[in-house]
*Asks:* 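So that we are looking at the same thing, I have put the structure below in structure tokens.
Because the structure is predicted, anything quoted here is derived from the model rather than measured.
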Amino acid sequence: MRFIKPLTIAALLTASIAGANASPFNANVSFNALEDATTATVLKVNPAEAASLAIDVDTDSLQQTIQNNRFLLRSVQAQGFALDQIVGLDATDDGGSSVTLYAM
């Protein structure tokens, strides 16, 4: 019985780590892609998801980069969001013209 308890704890820890790594908010952050993008899809997140996103990216830098890209700023505003609501992004530098932004 003493042997089973450590195995159970190890299995739970492994599952927790795997679950954290599989999070949909484990964003690919590339400011180069953000600077080149012309459109954005904005998705609404809850406070817990926003906190998770804040670990991956500096929110102030993200908002400043969007403000400097008039196409993205217009795209965010057209979807009914303000710049200060943007808390994260999912973008890869693959030559695409669209990024996914997360707003609270």
*Asks:* Closest approach of V42 and A103, non-hydrogen atoms and distance?
*Replies:* CG1-CB, 3.7 Å

*Asks:* Do you know the tightest heavy-atom contact between V99 and A37?
*Replies:* CG1-CB, 3.8 Å

*Asks:* May I ask you to decide if R74's main-chain N or O and Q79's side chain share a donor-acceptor pair within less than 3.5 Å?
*Replies:* no

*Asks:* I'd like to know if the side chain of T65 and the backbone of S61 have a donor-acceptor N/O pair within less than 3.5 Å.
*Replies:* yes

*Asks:* Under 4.5 Å between any side-chain heavy atoms of L72 and T38, yes or no?
*Replies:* no

*Asks:* How about T41 and L101: do any of their side-chain heavy atoms sit closer than 4.5 Å?
*Replies:* no

*Asks:* Find the distance between CD (Q85) and CD (Q63) and round it off to the nearest 0.5 Å.
*Replies:* 9.5 Å

*Asks:* Checking side-chain polar atoms at under 3.5 Å, does Q64 have a donor or acceptor matched by the opposite partner on D60?
*Replies:* no

*Asks:* In a check of side chain to side chain contact (heavy atoms under 4.5 Å, CB included) between M104 and each of N46, I86, D84, V87, which one passes?
*Replies:* V87

*Asks:* Report the distance from atom CG of L83 to atom CD1 of I66, rounding to the nearest 0.5 Å.
*Replies:* 6.0 Å

*Asks:* Can you tell me how far apart CZ (F81) and NZ (K44) are? Round to the nearest 0.5 Å.
*Replies:* 5.5 Å

